[in-house]
Amino acid sequence: MSDQLLPGVTGVLVLADGTVLQGIGCGAEGAALGEVVFNTAMTGYQEILTDPSYMRQILAFTFPHVGNVGVNVEDVEQVSGGGSETAAVGAVFRDVPTDPANWRAEADLDAWMKRRGVVGLAGIDTRALTARIRDAGAPHGVIAHAADGRFDIPALVQQAKGWSGLVGLDLAKPASTLQAFDWDEGLWDWPEGYPRVDAGGKSVVVVDYGVKRNILRALASTGAKITVVPATTSAEDILARNPDGVVLSNGPGDPAATGEYAVPEIRKLIDSGKPVFGICLGHQMLAIAVGAHTIKMDQGHHGANHPVKDLTTGKVEIVSMNHGFTVDRDSLPDAVQETHVSLFDGTNCGIALKDRPVFSVQHHPEASPGPTDSLYLFDRFAKLMAD
């Protein structure tokens with residue numbers, strides 16, 4: 001019970017093994033259940049917290065000072081839906097989020113988290129938590145915030161222990177748009193912001209499994225006309241739009257679970273001969289569609305400083321990543337070429353079909369947040385459509 005806690009504690013992170021991390025609650029009051037992961041990015045906390053790929057996860061920031069640039073409406077990455085229901089449910093910080101000091105800030109992080117329903121915890125040793133996740137894997141946990149400092153710790157432990165986790169969980173449907181829409185906003189350009197792009201080039205259909213706004217902006221900036229469709233859209237409906245190419249977006253959850261309905265449609269898209277570009281969850285399901293398998297990772301890859309080698313050029317790029325499942329590179333069939341690999345752990349980060357204009361990457365080339373090393377992939381896709 002709460003009498004086990006130190007005086008002044010208003011927030012806790014309770015793990016399934018009974019571990020209780022005590023600190024200062026921030027953001028929304030209440031409790032949220034999820035998988036606890038860490039992110040190593042030094043910037044872009046708003047983009048991270050609104051990435052649908054973090055759905056049903058509690059995010060611990062390794063960078064200690066968060067909140068200094070505030071938040072604004074432009075940097076939300078969710079396209080469909082609003083708060084924590086389709087993005088991170090909780091956030092853990094070393095220090096209490098600071099007041100904003102940036103010309104783009106429209107609100108402070110704490111108030112924004114309250115409005116979105118994101119439960120926060122500050123004042124804990126995030127290095128120790130990161131080391132624990134690194135050594136033992138991402139645990140199930142409950143993050144809770146109560147201004148009166150009253151928590152039923154045994155009940156929170158049981159809640160964390162009883163959760164089945166992300167394996168077997170399809171989260172793409174709730175993260176996806178409910179109806180098709182067009183997109184014409186391009187990449188951010190100082191000082192104008194996000195421009196409207198006149199689409200005079202090829203047409204692209206994006207299958208929304210939890211797509212990020214900056215993926216759509218990067219595609220639009222190639223000059224393509226963008227149409228976004230729901231995750232459950234059939235290949236027949238996609239091809240009826242006569243696109244020049246199809247993008248399989250990022251998204252949350254287990255690719256094998258989402259793949260139960262998505263993979264048969266992806267196979268039809270591949271067979272159509274249209275250029276196909278998969279990103280993150282889209283990459284994993286594309287790999288399943290061509291005969292490979294995916295596996296759950298212990299910690300996953302979450303951050304904006306991951307080195308990846310493009311085996312087709314020999315170049316190394318620093319990329320943004322956010323995934324807890326990976327393609328088993330040993331399961332890739334002969335018809336598939338491995339194009340990218342992680343230099344951290346050797347896991348697969350990209351594939352291409354040898355006889356079709358189809359390729360995909362595990363990382364997030366839209367760089368929101370993160371370096372822009374991988375933006376060339378959108379041009380590579382545009383070139384495939386032009387050939």
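The shown structure was predicted, so the numbers you read here are calculated from the model rather than taken from an experiment. Excluded from the calculations below are hydrogen atoms, water molecules and symmetry mates; all remaining heavy atoms, backbone and side chain alike, are included.
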Pairing residues for Phe63 by the side chain to side chain contact (heavy atoms under 4.5 Å, CB included) criterion, not counting sequence neighbours
Met42, His65
For Arg104, all residues meeting side chain to side chain contact (heavy atoms under 4.5 Å, CB included), sequence neighbours excluded
Asn72, Glu74, Asp75, Asn102, Trp188
Hey, are [Y] and [X] close enough side-chain-wise for a donor-acceptor pair under 3.5 Å?
X: His301; Y: Asp345; answer: yes
X: His283; Y: Asn348; answer: yes
X: Asp170; Y: Thr258; answer: yes

Strictly distance-based, threshold 3.5 Å: is any side-chain N or O of Gln22 a donor or acceptor partner for the main-chain N or O of Leu6?
yes
Does any N or O in the side chain of Gln362 come within less than 3.5 Å of the main-chain N or O of Gln284, such that one atom is a donor and the other an acceptor?
no
Please determine whether salt bridge (Lys or Arg N to Asp or Glu O under 4.0 Å) holds for the pair Asp310 and Lys315, giving the CA-CA distance in whole Å, both sets of side-chain angles, and the decisive distance to 0.1 Å.
CA-CA 5 Å; Asp310 184 341; Lys315 294 182 179 180; over 6 Å; no
Restricting to pairs with a member in residues 171-182, which pass side-chain hydrogen bond (donor to acceptor under 3.5 Å, both in side chains), not counting sequence neighbours?
Asp182-Thr227
For residues 241-252, pull every pair meeting side-chain hydrogen bond (donor to acceptor under 3.5 Å, both in side chains), keeping only residues two or more places apart or in separate chains.
Ser53-Asn250, Ser203-Asp244, Asn242-Lys274
From [X] [atom1] over to [Y] [atom2], what is the distance, rounded to the nearest 0.5 angstrom?
X: Cys349; Y: His306; atom1: SG; atom2: NE2; value: 9.5 Å
X: Glu77; Y: Arg213; atom1: CD; atom2: CZ; value: 8.0 Å
X: Arg116; Y: Leu49; atom1: CZ; atom2: CG; value: 7.5 Å

Indicate every side-chain donor-acceptor pair of residues 55-62 with a distance under 3.5 Å to a residue at least two apart or in another chain.
| unit_1 | atom_1 | unit_2 | atom_2 | d |
| --- | --- | --- | --- | --- |
| Gln57 | NE2 | Glu35 | OE1 | 2.8 |
| Thr62 | OG1 | Asn39 | O | 3.2 |

Could you identify which residues cluster with Val96, counting Ile, Leu, Val, Met, Phe, Trp and Tyr as linked when any side-chain heavy atoms lie under 4.5 Å apart, either directly or through a chain of such contacts?
Ile24
Centroid separation under 6.0 Å, is that true for the rings of Phe38 and His302?
no
Partner of Ile279 by side-chain contact (heavy atoms from CB on, under 4.5 Å), out of Val211, Ile215, Leu377
Ile215
Evaluate Lys309 against Glu317 for salt bridge (Lys or Arg N to Asp or Glu O under 4.0 Å), listing each step before the verdict.
CA-CA 6 Å; Lys309 186 172 184 178; Glu317 54 207 81; over 6 Å; no
